[in-house]
Amino acid sequence: MKIDSVTLNHVRMPLVSPFETSFGREVDRECVIITIQSEGLTGYGECVATRDPGYNYETTGTAIHILKDFIIPLILGQDVKDADDFQQRVLGIRGHSLAKAGVEMALWDLLGKRENKSLKELFGGVREKVEVGVSIGIQESASSLVRSAADYIAQGYKRVKIKIKPGRDIEDASAVRKEFPDLRLQVDANSAYTLDDIKILKPLDKLNLLLIEQPLFEDDIWDHHKLQAEFSTPICLDESILSPRHARYAIEMKACRVINIKAGRLGGLSQGIMTHDICRENNLPVWCGGMLETGIGRASNIALASLPNFVLPGDISASDRYYAQDITNERFTLNDDSTISVPQGAGLGVTINEEALKKYSLASLQFHKK
Ligand code: OSB
Ligand code: MG
């Protein structure tokens, strides 16, 4: 595919409600939308870097820098065959997975449009709809968290994840568990604890949770092994798994029993698929994480989650959980069985609301081949 032009839109969209994690509180969500023109087709990708380096070290600012100064020059005017070809080209750029993954997503959209195949078909997905849950941020109090969970359960979500941080952990999780004894419930600490906190976290093990997500630091795969040995609840790694190799390390070290797959964090959908395959070969269940995506990234996540080893519900909620207005014309809705249907159109299977994209863009940069 000859890359004729690349456009970067730095986007900021208001969230329907603030999202608070152990690393901060977001009222708006920023990301970078990547538009690639190739041989008369247009492909879209979403780089899930955020304004602040809270989830990982990347930000919308670093992503725009890496895209503009390093990634785009490697593909502009070039014939990029597929995702593997793209990964070979960016091999010399260390890190910056979120930036790379945004471009790879747009290339997959183009590939699908060229071959008239959906991403699900290109990936070898096996289901028409994927099981989903909702990720609830830290609320003002345990009782307001219970109310928020009740609200989402009433909307049809059958799996709930709550964010925890030191001082807002056992009481919050216990309150939700008490109100909903049979709920599929899990917690996410976003790296807020160290091994010294085992005593604090231990009561979580009695709450019949599906999993405990990323309790320790990103570079603490070995400490997660020590923690997992003390817990009967599966530990799930998110931030720690930055490549398919990391998944293998975590499995060999018995650092977790579940892995959260985010194509962005892993450096691209191709890397997400490879991670899925490694986990599948090792009988380790995976699920699809989320980064509050727009309709573009949401379509990509849903397609990825159609692969066979995505056996736990994903953090892929309906569009109205995040945005009153989205930048895709399509909005994703929750089916009665707590699933979302996999897009069937070519590529990502979504179309862009150009007016909304313009409205939410803080800046736009265009790069044309010479
Ligand atoms: O750790 O899973 C996470 C959102 C932003 C950054 C990190 C995470 C999250 C979520 C939200 O939990 C998942 C979603 O609904 O998109
Ligand atoms: Mg997480």
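If you read the sequence from its start, that first residue is 1, and numbering goes on from there. Ligands are counted one by one from 1 in listed order, and the atoms in each one are counted from 1 as well.
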So, regarding Tyr55 and ligand 1 (criterion: nitrogen or oxygen to nitrogen or oxygen, under 3.5 Å), is there a contact or not? no
Could you tell me whether some N/O pair between Leu292 and ligand 1 is separated by less than 3.5 angstrom? yes
Quick check, are the ring centers of His96 and Phe70 under 6.0 angstrom apart? no
By atom name, which N, O or S atom belonging to Glu213 lies closest to the Mg ion (ligand 2)? OE2
For ligand 1, which atoms sit closer than 4.0 Å to a heavy atom of Asp238? 1 (O), 2 (O), 3 (C)
Does Glu239 reach ligand 1 with a nitrogen or oxygen that is under 3.5 Å from one of the ligand's nitrogen or oxygen atoms? no
Verify whether one side chain among Gln214 and Asp188 offers a donor that lies under 3.5 Å from an acceptor in the other. no
Between Ser38 and Asp4, does any side-chain donor sit less than 3.5 Å from a side-chain acceptor? no
Less than 4.0 angstrom from a charged side-chain N to a carboxylate O is my criterion; do Lys161 and Glu213 meet it? yes
shortest atom 4 (C) of ligand 1-to-protein heavy-atom contact is with Phe19 CE2, 3.6 Å
Working to 10°, measure the angle at the Mg ion (ligand 2) formed by atom OD2 of Asp188 and atom OD2 of Asp238. 180°
Are the charged groups of Lys129 and Asp337 less than 4.0 angstrom apart, N to O? yes
Among Lys163, Met291, Arg298, whose heavy atom sits nearest atom 3 (C) of ligand 1? Lys163
Which residue and heavy atom of the protein sit nearest atom 1 (O) of ligand 1, plus the separation: Asn190 ND2, 2.7 Å
Check each atom of ligand 1 against the heavy atoms of Lys262 and keep those under 4.0 Å away; list them by number with element. 1 (O), 2 (O), 3 (C), 7 (C), 8 (C)
Is Arg321 in contact with ligand 1, taking contact as a heavy-atom separation below 4.0 Å? no
Nearest to atom 15 (O) of ligand 1, what protein heavy atom do you find, and at what distance? Tyr322 OH, 2.6 Å
Classify the contact between Ile316 and ligand 1 as side chain, backbone, both or neither, using a heavy-atom distance cut-off of under 4.0 Å. neither
Do you see a donor-acceptor pair shorter than 3.5 Å between the side chains of Ser364 and Asn9? yes
Proximity to ligand 1 by part of Asp188, non-hydrogen separation under 4.0 Å: side chain
Counting only heavy atoms closer than 4.0 Å, does ligand 1 sit against the backbone of Glu26, its side chain, both, or neither? neither
Using heavy atoms and a 4.0 Å limit, tell me yes or no: is Lys161 in contact with ligand 1? yes
Who gets closest to atom 9 (C) of ligand 1 by heavy atom: Ser135, Gly290, Ser317, Gly54? Gly290
Under 3.5 Å side-chain donor-acceptor pair for Glu104 and Ser270: yes
Check the angle between the aromatic planes of His246 and Tyr249 and answer parallel, tilted or perpendicular using the 30° and 60° thresholds. tilted
Restricting to non-hydrogen atoms, name the atom on Trp287 and the atom on Leu312 that form the minimum distance, rounded to 0.1 Å. CB-O, 3.3 Å
When every non-hydrogen atom of Asn301 is compared with those of Ile316, the smallest separation belongs to O-CD1, 3.9 Å
Distance only, no hydrogens: is a donor on one side chain within 3.5 Å (strictly under) of an acceptor on the other, for Glu30 and Thr50? no
At a 4.0 Å cut-off, with the gap strictly under it, does some heavy atom of Glu213 reach an atom of ligand 1? yes
